[in-house]
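One structure is given here, and the rest of the page talks about it.
All chains are named by letter (A, B, ...) in the order of the sequence lines, taking the proteins before the strands, and each is independently numbered beginning at 1. Please read these numbers as outputs of a predicted model, since none were measured by experiment. Atoms considered below: every heavy atom in the structure, side chains included; atoms not considered: hydrogens, waters and symmetry mates.
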Amino acid sequence: MVQRRTAISIAVGALCVACAAGALTSTPAEPTTVEVEALPEGEASLVVGSVVSHEDGKPSANAIVVLQCECLQGPRETQTNADGLFAFRDLPPGEYTAQALLGAGEASRRFEVRRASKVMVKFSVSTEAQVVT
Amino acid sequence: MLASGIDPPLPRAVSATIAVADRLRHAWLRTLGAPARRLVVDRELRVALVLSTVCTTALIGTLLFPLWLLALGPIVWGVPHLVADVRYMVVRTGFSTRRPLWIAAGLPLLWLAGGGPLIVGFIGTVAVAVLARASIRRRVVALVVVITVALGFVGLAERAELVFGHAHNFFAIALWWGWRRRRERAHWVPLVLLVAATALLLSPLAVRVVDLAWAPDGVGRPFQLARLAGGDVSTLGLRLVLVFCFAQTVHYAIWLHLLPDEDRDRRTVVTFRKTVADLRRDLGDAGLAVAVLLSVALVAWALLDLADANRGYFRVARFHGHLELMAATLLLLERPRR
């Protein structure tokens with residue numbers, strides 16, 4: 001015999017597992033790659049990169065990119081140019097989070113910026129509508 | 001075969017904590033004196049005051065730190081509000097005992113949960129409307145309304161999820177409004193506050209005063225604009241983010257505090273001990289344990305990666321908007337005619 005309440009708990013648990021499984025199987029992977037290159041000693045660190053559409057792999061102009069770090073006095077924001085490229089210069093060392101917004105899609109990535117380094121971030125953003133509720 | 005049993009007593013530490021909480025609240029109410037006494041016994045006044053306070057604080061929070069409220073709200077209140085959904089829409093309504101509904105509602109919800117399209121939720125709502133214990137006339141009217149709304153959402157195409165998400169917050173307000181017959185007019189006060197706050201947040205004034213730069217890592221403006229405004233970076237997109245922040249906060253308060261108060265037969269405030277006993281009766285110890293574990297797990301996840309935890313929560317919670325829609329359809333159809 002199974003308690004009614006236990007049966008309901010199992011059913012709700014199954015729903016949550018189905019949601020999570022659906023997320024794992026249906027949401028396409030959006031690889032955001034990060035590469036780091038050392039610069040000559042004394043040069044200011046920078047973060048550069050691109051935003052491409054996950055659907056067709058093409059660079060996306062006017063995508064918004066926001067850079068956050070406790071080492072900055074507030075977030076910095078820029079937009080990609082016609083070739084889908086962006087750049088943030090003269091950055092202090094620290095732990096950064098970069099977010100890219102393209103259409104109804106967004107992606108974010110954390111990385112470390114060290115002294116005299118160039119970090120290259122490539123966002124691949126799916127513009128599919130996201131779940132809101 | 002289903003059966004009910006007698007729950008074992010709570011662990012001593014838990015019982016002791018609940019007893020302390022009840023003593024503290026009792027002492028607090030005695031300190032407040034006569035005004036508190038009136039609130040304890042007068043549910044209409046109490047609910048109106050609580051919802052008015054919620055509207056005011058939600059508005060202040062939205063104007064001061066919206067991106068933090070949007071990011072932390074689901075982490076703190078998300079799972080408890082899902083549990084409240086299931087408790088008040090499935091368990092206490094008795095719908096869980098009707099096996100045809102397990103198929104009519106359960107299968108579409110599972111499909112949705114696995115990533116199915118929005119239309120599946122409406123198909124489920126049509127199915128439960130057909131099975132409702134109501135006159136044919138009432139069911140036909142319901143079917144026409146649901147199908148019309150469903151076609152409207154189909155017409156919205158890629159905007160459908162966005163509109164549904166925004167509408168779902170206000171749906172809880174409609175549910176609260178219709179939960180029981182009102183004898184007095186106190187409930188109009190929070191409704192007016194709600195409309196006024198929403199109008200303010202949709203106006204150009206709110207966008208000018210709000211600081212949308214202050215945000216937790218990874219769940220800042222881009223995250224919320226993508227999720228709540230379809231990526232619209234104009235002031236309209238920002239206003240939609242603010243309205244959602246406000247409405248989501250009110251939505252959680254309704255599910256976690258107001259509907260439980262409205263649903264009780266007793267009009268007076270109950271002790272924490274009674275609240276826990278009622279939770280155990282409705283959800284069972286296993287269900288309650290699962291709820292607590294999920295809540296704690298989500299908070300732990302958020303401490304590691306707030307952005308990922310947010311995304312994870314919204315995937316897991318995807319089914320609940322349609323669950324509310326289906327249950328509300330049944331409640332409306334099966335309520336006695338006046």
Side-chain angles (χ1 to χ4, degrees), chain A residues 1-27 51 62-70 72-77 79 95-110 123 125-133, chain B residues 1-5 82-83 86 90-91 96-97 102 106 109-110 112-116 158-162 164-166 168-169 213-215 217-223 225-231 233 244 281-284 286-287 290 294 305 307 311-312 314-321:
Chain A
M1 295 210 291
V2 178
Q3 284 207 4
R4 173 167 66 90
R5 298 169 302 186
T6 304
I8 293 165
S9 302
I10 291 169
V12 173
L15 263 176
C16 292
V17 169
C19 282
L24 289 171
T25 54
S26 66
T27 305
V51 179
N62 300 317
I64 290 179
V65 183
V66 176
L67 196 65
Q68 282 176 289
C69 177
E70 284 182 9
L72 297 172
Q73 290 180 1
R76 292 197 199 173
E77 184 174 318
Q79 279 186 287
E95 290 289 329
Y96 284 76
T97 302
Q99 300 170 71
L101 171 65
L102 176 64
E106 60 81 37
S108 67
R109 182 63 187 256
R110 276 193 211 167
F123 288 103
V125 181
S126 170
T127 55
E128 266 185 32
Q130 300 184 37
V131 177
V132 179
T133 55
Chain B
M1 188 173 172
L2 300 178
S4 59
L82 290 183
V83 172
V86 171
V90 177
V91 176
S96 54
T97 60
W102 283 81
L109 286 175
L110 269 175
L112 269 167
E158 66 272 5
R159 296 282 183 189
E161 284 273 3
L162 181 68
F164 187 85
H166 279 268
H168 145 269
N169 280 332
W214 188 36
D217 280 357
V219 278
R221 261 181 65 231
F223 179 86
L225 281 173
R227 200 170 69 82
L228 306 174
V233 300
F244 192 96
R281 180 202 62 210
D282 290 340
L283 302 176
V290 166
L294 280 175
D305 191 327
R311 292 189 186 95
F314 288 119
R315 287 182 208 128
V316 167
R318 186 161 190 261
F319 71 92
H320 88 283

Of all heavy-atom pairs linking A:Glu106 and B:Phe223, the shortest is OE2-CD1, 3.2 Å
Counting heavy-atom pairs under 4.5 angstrom with chain A, the leader among B:His168, B:His166, B:His320 is B:His168
Sorted by chain and residue number, the side-chain hydrogen bond (donor to acceptor under 3.5 Å, both in side chains) partners of A:Arg76 (sequence neighbours excluded) come out as none
Okay, A:Thr97 and chain B: the region with an atom under 4.5 Å from a heavy atom over there is side chain
In short, B:Arg221 meets A:Ile64 closest at the heavy-atom pair NH2-CD1, 4.4 Å
If one checks every heavy atom of B:Val83 against chain A at 4.5 Å, the contacting part turns out to be neither
If one checks every heavy atom of B:Asp305 against chain A at 4.5 Å, the contacting part turns out to be both
Residues passing the salt bridge (charged side-chain N to carboxylate O under 4.0 Å, His left out) test with B:Arg227, sequence neighbours excluded, are none
For B:Ala307 and A:Ser108 the tightest heavy-atom approach is CB-OG, 4.4 Å
- Would you say the side-chain atoms of A:Gln68 pair up with the backbone N or O of B:Ala215, donor to acceptor, closer than 3.5 Å? yes
With chain A, the option among B:Gly218, B:Ala213, B:Gly116 that has the most non-hydrogen atom pairs under 4.5 Å is B:Gly218
Whatever's closer than 4.5 Å to a heavy atom in chain B on A:Glu77 counts as side chain
Note: A:Leu101 and B:Gly231 closest approach over all heavy atoms is CD1-CA, 4.1 Å
